Amino acid sequence: MSDLSLYRSGHLPPGFFARPADEVAPDLIGVTLLVDGVGGRIVEVEAYDQDEPASHGFRGPTERTKSLFGPPGRAYVHRSHGIHWCLNLVCGREGRAAAVLVRALEPTQGLEQMRARRGRDDPYLLCAGPGRVAQALGLTGANDGYRLDAPPFELLLGTAETDVATTPRIGITKAAELPWRFLDAHSRFVSRPRRRS
DNA sequence: GGTATGATTGACT
DNA sequence: GTCAATCATACCA
């Protein structure tokens with residue numbers, strides 16, 4: 001990956017995900033994520049890597065994490081707390097567990113469909129949080145392993161520069177100090193405001 | 001086999 | 001702020 005600006009307002013360039021997750025993650029802020037034409041602009045993500053204990057891949061591949069260890073550019077959709085689904089975008093190379101968790105979108109397309117799926121009207125509660133994102137986009141474990149460069153998925157580069165802030169990750173107890181949460185510094189659609197310093 | 005723990009959310013005090 | 005929901009996985013016996 002060299003110059004993203006060459007691809008502005010188009011699809012993601014080939015090889016975009018074939019990099020370490022903490023390099024891919026900030027580049028995803030401002031990218032539009034759609035599933036069957038419904039979705040919005042990514043404003044918050046977190047990176048996870050096999051070598052740190054917060055990663056689902058830390059203890060090696062399992063039935064649940066096989067797509068996480070698969071080729072980059074695919075979805076890894078896992079259940080959280082037995083209730084919610086969370087969408088990850090697989091990075092790195094096959095055989096290595098690296099992924100970016102999509103934590104929040106600014107809803108831009110298919111608002112009514114997302115409201116119906118979420119059972120809520122407030123646009124700030126449609127996609128603010130990983131479980132909410134998956135629910136709004138209609139994603140479940142059935143979508144685990146799907147390619148991200150083919151329908152129903154679509155990823156489009158943003159057209160404007162985005163100010164990316166970096167903070168520790170949320171909701172984990174291991175490797176909690178790693179600064180691998182990336183967010184649009186000015187967006188109101190993030191799951192939680194930037195941590196006070 | 002039993003128990004503890006989540007990459008969370010929504011309801012409630 | 002606290003806490004239950006709900007289940008696959010991890011870890012210990």
Side-chain angles (χ1 to χ4, degrees), chain A residues 17 20-29 31 33 35 40 42-70 72 74-92 96-107 114-146 148 164-184 188-196:
Chain A
F17 289 104
D22 60 313
E23 287 183 26
V24 175
D27 287 348
L28 282 168
I29 301 299
V31 167
L33 165 65
V35 178
I42 297 173
V43 294
E44 179 183 350
V45 298
E46 286 177 356
Y48 287 86
D49 181 86
Q50 181 168 335
D51 285 342
E52 42 90 9
S55 168
H56 289 173
F58 184 63
R59 291 169 189 82
T62 66
E63 179 61 25
R64 174 179 78 157
T65 60
K66 59 177 189 274
S67 58
L68 179 58
F69 282 86
R74 309 244 182 164
Y76 163 53
V77 185
H78 77 271
R79 238 201 216 296
S80 177
H81 289 256
I83 302 171
H84 308 289
W85 296 101
C86 296
L87 169 66
N88 293 255
L89 313 181
V90 178
C91 301
R96 180 177 184 80
V100 173
L101 171 68
V102 180
R103 288 194 55 94
L105 306 180
E106 173 185 339
M114 290 193 278
R115 286 191 173 107
R117 287 168 176 159
R118 290 272 302 120
R120 278 190 164 53
D121 287 339
D122 184 347
Y124 292 105
L125 291 179
L126 285 183
C127 301
R132 292 165 173 166
V133 169
Q135 186 180 33
L137 298 184
L139 295 171
T140 70
N143 301 287
D144 186 48
Y146 274 38
L148 299 173
V164 178
T166 304
T167 80
R169 295 174 292 184
I170 290 178
I172 56 172
T173 57
K174 299 163 189 161
E177 73 291 346
L178 273 179
W180 278 6
R181 175 178 179 241
F182 303 90
L183 44 80
D184 179 333
R188 293 179 56 196
F189 293 91
V190 296
S191 66
R192 275 165 53 176
R194 188 178 176 185
R195 195 184 71 150
R196 285 183 27 199

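Letters A, B, ... are given to chains in the order of the sequence lines, protein chains preceding strands, and every chain is numbered from 1. Being a predicted model, the structure only gives us computed values, none of them experimental.
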Closest to the [X] side chain: [options]?
{"X": "Tyr48(A)", "options": "dA7(B), dA11(B), dT6(C)", "value": "dA7(B)"}
{"X": "Tyr76(A)", "options": "dA11(B), dA7(B), dT9(B)", "value": "dA7(B)"}
{"X": "Lys174(A)", "options": "dA7(B), dG6(B), dT6(C)", "value": "dG6(B)"}
{"X": "Leu68(A)", "options": "dA7(B), dT6(C), dT9(B)", "value": "dA7(B)"}
{"X": "Thr62(A)", "options": "dA7(B), dG10(B), dA10(C)", "value": "dA10(C)"}

Side-chain contact test, heavy atoms from C-beta onward, threshold under 4.5 Å: evaluate it for [X] versus [Y] and give yes or no.
{"X": "Leu89(A)", "Y": "Val24(A)", "result": "no"}
{"X": "Glu44(A)", "Y": "Arg181(A)", "result": "yes"}
{"X": "Arg169(A)", "Y": "Glu52(A)", "result": "yes"}

Just to confirm, is there a sub-4.0 Å distance from OP1 or OP2 of [N] to any side-chain nitrogen or oxygen of [X]?
{"X": "His84(A)", "N": "dT9(B)", "value": "no"}
{"X": "Thr173(A)", "N": "dG6(B)", "value": "yes"}
{"X": "Arg132(A)", "N": "dG10(B)", "value": "yes"}
{"X": "Arg64(A)", "N": "dA10(C)", "value": "no"}
{"X": "Arg118(A)", "N": "dG10(B)", "value": "yes"}
{"X": "Arg59(A)", "N": "dC11(C)", "value": "yes"}
{"X": "Arg79(A)", "N": "dT9(B)", "value": "no"}

Just how far, in rounded Å, is [atom2] of [N] from [atom1] of [X]?
{"X": "Leu89(A)", "N": "dA7(B)", "atom1": "CG", "atom2": "P", "answer": "18 Å"}
{"X": "Lys66(A)", "N": "dT9(C)", "atom1": "NZ", "atom2": "P", "answer": "10 Å"}
{"X": "Ile83(A)", "N": "dA11(B)", "atom1": "CD1", "atom2": "P", "answer": "13 Å"}
{"X": "Glu52(A)", "N": "dA7(B)", "atom1": "CD", "atom2": "P", "answer": "11 Å"}
{"X": "His78(A)", "N": "dT5(B)", "atom1": "NE2", "atom2": "C1'", "answer": "13 Å"}
{"X": "Glu63(A)", "N": "dA8(C)", "atom1": "CD", "atom2": "C1'", "answer": "12 Å"}
{"X": "Leu126(A)", "N": "dT8(B)", "atom1": "CG", "atom2": "C1'", "answer": "17 Å"}
{"X": "Asn88(A)", "N": "dA7(B)", "atom1": "CG", "atom2": "P", "answer": "11 Å"}

* To do: List the steps, then state whether salt bridge (Lys or Arg N to Asp or Glu O under 4.0 Å) holds for Asp49(A) with Arg96(A).
  => CA-CA 8 Å; Asp49(A) 181 86; Arg96(A) 180 177 184 80; 2.8 Å; yes

* **Partner nucleotide of dC7(C) by Watson-Crick or wobble geometry (both distances under 3.5 Å)** =>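 Matched dC7(C) with dG6(B) under the 3.5 Å cut-off.
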
* To do: Give the ring-plane orientation class for Tyr76(A) versus His56(A), where under 30° counts as parallel, over 60° as perpendicular and anything between as tilted.
  =>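 Tyr76(A) vs His56(A) ring planes: perpendicular.
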
* Asked: How would you label the contact of Ile172(A) with the nucleic acid (heavy atoms, under 4.0 Å): base, sugar-phosphate, or nothing?
  ->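 Here Ile172(A) touches the backbone only, sparing every base.
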
* Face-to-face contact His81(A) to dT8(B) six-ring, under 5.5 Å, under 30° ->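 Stacking is present between dT8(B) and His81(A), given that their ring centres fall under 5.5 Å apart and the planes under 30°.
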
* Asked: Quick one: which of Leu105(A), Asp184(A), Asp27(A), Val133(A) gives a side chain to side chain contact (heavy atoms under 4.5 Å, CB included) with Ile42(A)?
  ->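 Of all the options given, the one that passes is Leu105(A).
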
